[in-house]
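So the structure is just underneath, and the comments pick up after that.
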Amino acid sequence: MAAVTLSNVVKRFGVYEIIHGANIDIADGEFVVFVGPSGCGKSTLLRMVAGLEDISGGEIAIGGKVMNDVEAAERGIAMVFQSYALYPHMTVEQNLSFGLRMNGNPKADTERRVKRAAEILCIDELMQRRPKQLSGGQRQRVAIGRAIVREPQVFLFDEPLSNLDAELRVQMRVEISRLHKELGVTMIYVTHDQTEAMTLADRIVVLKAGNVEQIGAPLDLYDDPANRFVAGFIGSPKMNFLAAKVVETGDGAATIELVNHAGARFKKPLQTTPPAVGADVVLGVRPEHFFDAGQGDCDISVKADVAEHLGSVSYVYADAGDTELIIEREASRHRASGDHLVVSIKAGKALLFDTKGARIR
Amino acid sequence: MRYQNATAYRFLAPYLLIFSVFWVWPIISSFLISFQATRTVPWRWAPTFNWGRLIGDPAFFNALKNTLLILVIQVPVMISLAIVMAVLLNSPLLKARGLYRFAFFAPVVVGEVAYSAVFRLMFNLNFGIINKLLNSVGLPSIDWFSNVTPAMALIMIAVTWRWAGYNAIILLAGLQSIPDDVYEAATLDRVSKVKQFFYITLPLLKPIIVFCAVLSIIGTMQLFTEPFLITERGGPGGGTETLGLLLYRQGFRSLNFGYASAVAYTMAGLAIAITLVQLWLTKEPK
């Protein structure tokens with residue numbers, strides 16, 4: 001087990017800088033998820049930790065030792081690839097033991113490690129099969145097993161569930177979470193799926209275009225995002241954003257008026273100096289933070305467009321003039337297209353952002 | 001449905017006609033000819049005449065021995081060389097990869113007569129560059145064309161030069177189909193590059209290697225150009241005569257088509273037999 005520290009890590013491909021000075025501290029035994037949209041640099045960052053990509057600037061340390069010039073094989077890490085990267089011509093048993101056999105590990109110890117991994121992942125029955133004779137989920141288990149037998153200091157996962165169907169993905173997510181508890185090893189997991197990030201992580205690192213946007217526990221990111229990008233990326237369905245204006249300030253608060261809902265205004269207490277009167281701002285409201293009419297600080301009227309009934313809740317996609325809102329309703333099973341709906345916003349549950357996306361607290 | 005089929009066959013008819021006349025019929029005809037004595041006029045039906053002669057013909061066994069010798073030595077050497085070339089071509093460290101790929105493939109494009117003439121000049125006893133190079137490192141000149149062993153070596157060198165690059169390009173396609181992350185996984189498993197080559201690259205390349213080997217076996221069984229043009233019709237003294245050359249000599253110089261047909265069928269039979277044995281030996285477990 002080991003802590004992982006990334007200090008001002010930069011990655012350049014030719015003249016293009018892909019990672020712009022990432023600083024991330026991962027504690028020993030922690031499960032950290034790198035999340036972000038495609039092309040944000042999360043896989044590149046993981047591959048730099050693994051030693052599969054050179055580091056253009058900064059330092060990566062594992063267990064307190066700087067690894068910049070240490071070969072991938074010597075970093076004490078194991079990686080599970082998106083494509084599984086199993087050796088197609090070897091049986092499951094050979095796949096698991098290959099690395100140990102090639103390095104002259106004692107036979108008895110190799111057998112012990114392979115047996116343990118097989119038991120943990122319930123793949124004992126598959127040992128003589130080849131990868132092409134396995135299902136996607138079984139291949140994924142073998143790939144994880146190959147990482148386990150190495151008994152690494154750090155596990156790296158590069159979008160390991162993205163090739164699985166939805167049901168299997170949920171099942172494997174639970175298994176990976178259980179594996180982390182069982183092994184207690186530091187794990188770094190890359191995904192573009194914020195649900196995976198929220199359910200697996202001790203802490204999430206949100207990346208956008210090579211920059212670390214925010215690091216924190218899943219619910220901290222959900223409840224207290226640092227900016228509009230994190231607010232929009234974390235949470236499913238995503239947060240709604242409404243155009244607004246500051247119409248009055250004073251007493252440590254700002255009065256906000258929604259641009260496309262004349263008269264819809266409320267007072268929002270702020271910890272920092274409020275924006276100037278007349279400044280454009282953006283109001284962020286999560287789908288579950290729309291309340292019944294009259295129960296919040298200001299009501300707005302919207303026209304229901306489409307409703308998705310999921311059983312326990314329904315999501316109403318509504319036209320709110322400038323934007324489409326997603327509203328979570330518990331009792332709207334019969335909501336139909338074209339219905340008018342009045343919902344209420346509570347000042348305490350709404351987040352405020354400036355036009356550049358920075359949070360106004 | 002039947003009408004539709006008829007229409008399809010009418011469209012196919014020109015091709016099928018040409019295919020039947022110039023492909024199917026010669027195959028059947030040559031098989032029938034192999035059972036006829038063709039040195040008499042008219043040809044007469046003599047089922048054991050050519051096949052009986054084949055079994056006891058020292059020229060046939062000499063050609064068979066030469067062909068198999070080339071097959072056993074040249075094909076493995078060429079395939080091994082092609083694998084090395086393919087791995088080098090696939091290296092990310094290599095600059096101007098396209099140029100090398102073209103250079104490796106170019107010998108196949110060069111005209112057979114031109115390349116044979118150049119080889120004859122290069123290996124000339126008195127002024128060939130090869131003997132000059134041998135002399136420059138203190139080795140004596142070799143008379144490549146007058147002694148059987150050097151002449152056979154020359155044939156093998158020439159065939160290898162011509163076809164190694166071609167096979168390397170096919171193998172390169174195979175190499176490029178092996179995913180990078182398999183090697184990355186092996187690297188993280190602390191497997192050295194050399195072991196990766198022997199335990200990952202070679203096993204995964206096996207189907208392509210078998211394919212190249214089968215092509216080479218068929219090509220070697222039909223080998224004609226090099227012994228005909230470079231060592232002057234299988235010289236010295238039939239020392240480099242191959243089955244292909246024997247067939248030509250019997251069929252088109254002695255006009256003994258019956259015997260030439262028997263030789264042709266023997267060549268095809270041997271190529272099929274060797275290929276089947278090889279496919280069986282390298283069969284993937286289910």
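All heavy atoms count here, side chains included; hydrogens, waters and symmetry mates do not. As the structure is a prediction and not an experimental result, all values here were calculated from the model.
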*Output, in order, the C-alpha distance, side-chain angles, deciding distance and verdict of side chain to side chain donor-acceptor pair (under 3.5 Å) for B/Thr225 and B/Tyr115.*
CA-CA 10 Å; B/Thr225 306; B/Tyr115 119 82; over 6 Å; no
*asked:* Assess the residue pair A/Ser162 and A/Gln82 against the criterion (side chain to side chain donor-acceptor pair (under 3.5 Å)); give the C-alpha distance rounded to whole Å, side-chain angles, the decisive distance to 0.1 Å, and a yes or no.
replied: CA-CA 7 Å; A/Ser162 55; A/Gln82 182 175 359; 3.0 Å; yes
*For A/Arg173 and A/Glu196, run salt bridge (charged side-chain N to carboxylate O under 4.0 Å, His left out): C-alpha distance rounded to whole Å, both residues' side-chain angles, the deciding distance at 0.1 Å, then the answer.*
CA-CA 7 Å; A/Arg173 214 160 65 196; A/Glu196 262 173 43; 5.5 Å; no
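- For a heavy-atom cut-off of 4.5 Å, chain B lies close to A/Ala72, A/Ala73, A/Glu74, A/Ile77 in residues 69-77 of chain A.
- The candidate with the highest count of non-hydrogen atom pairs below 4.5 Å against chain A, out of B/Leu204, B/Leu188, B/Val182, B/Ile200, is B/Leu188.
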*Take B/Gln196 and A/Met102 through the side-chain contact (heavy atoms from CB on, under 4.5 Å) test and state the conclusion after the steps.*
CA-CA 10 Å; B/Gln196 284 181 26; A/Met102 289 296 109; over 6 Å; no
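- No part of A/Leu100 comes within reach of chain B, as not one of its non-hydrogen atoms sits under 4.5 angstrom from that chain.
- Heavy atoms closer than 4.5 Å to chain A are found in both the backbone and the side chain of B/Tyr199.
- Side-chain N/O atoms of B/Thr242 and B/Glu226 include no donor and acceptor closer than 3.5 Å.
- Side-chain polar atoms of B/Asp189 and A/Tyr87 form a donor-acceptor pair below 3.5 angstrom.
- In terms of heavy-atom pairs under 4.5 Å with chain A, the best-connected choice from B/Ser192, B/Pro203, B/Ala185 is B/Ala185.
- The side-chain hydrogen bond (donor to acceptor under 3.5 Å, both in side chains) analysis of residues 37-48 of chain A, with sequence neighbours excluded, yields the pairs A/Ser43-A/Asp158, A/Arg47-A/Glu53, A/Arg47-B/Glu184.
- Here the side chain of B/Gln176 pairs no donor or acceptor atom with the backbone of B/Ala173 at under 3.5 angstrom.
- Checking A/Tyr189 against A/Glu159 by side-chain atom types alone, no donor-acceptor pair falls below 3.5 Å.
- Classification of A/Glu17 and A/Lys11 as a salt-bridged pair fails, no side-chain N sitting under 4.0 Å from a carboxylate O.
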Donor-acceptor pairs under 3.5 angstrom involving side-chain atoms of residues 152-161 of chain B: please list them, not counting sequence neighbours.
residue: B/Thr160; atom: OG1; partner: B/Gln74; partner atom: NE2; Å: 3.4
residue: B/Thr160; atom: OG1; partner: B/Met156; partner atom: O; Å: 2.6

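- Contact annotation for residues 106-126 of chain A against chain B (heavy-atom separation below 4.5 Å): no residues qualify.
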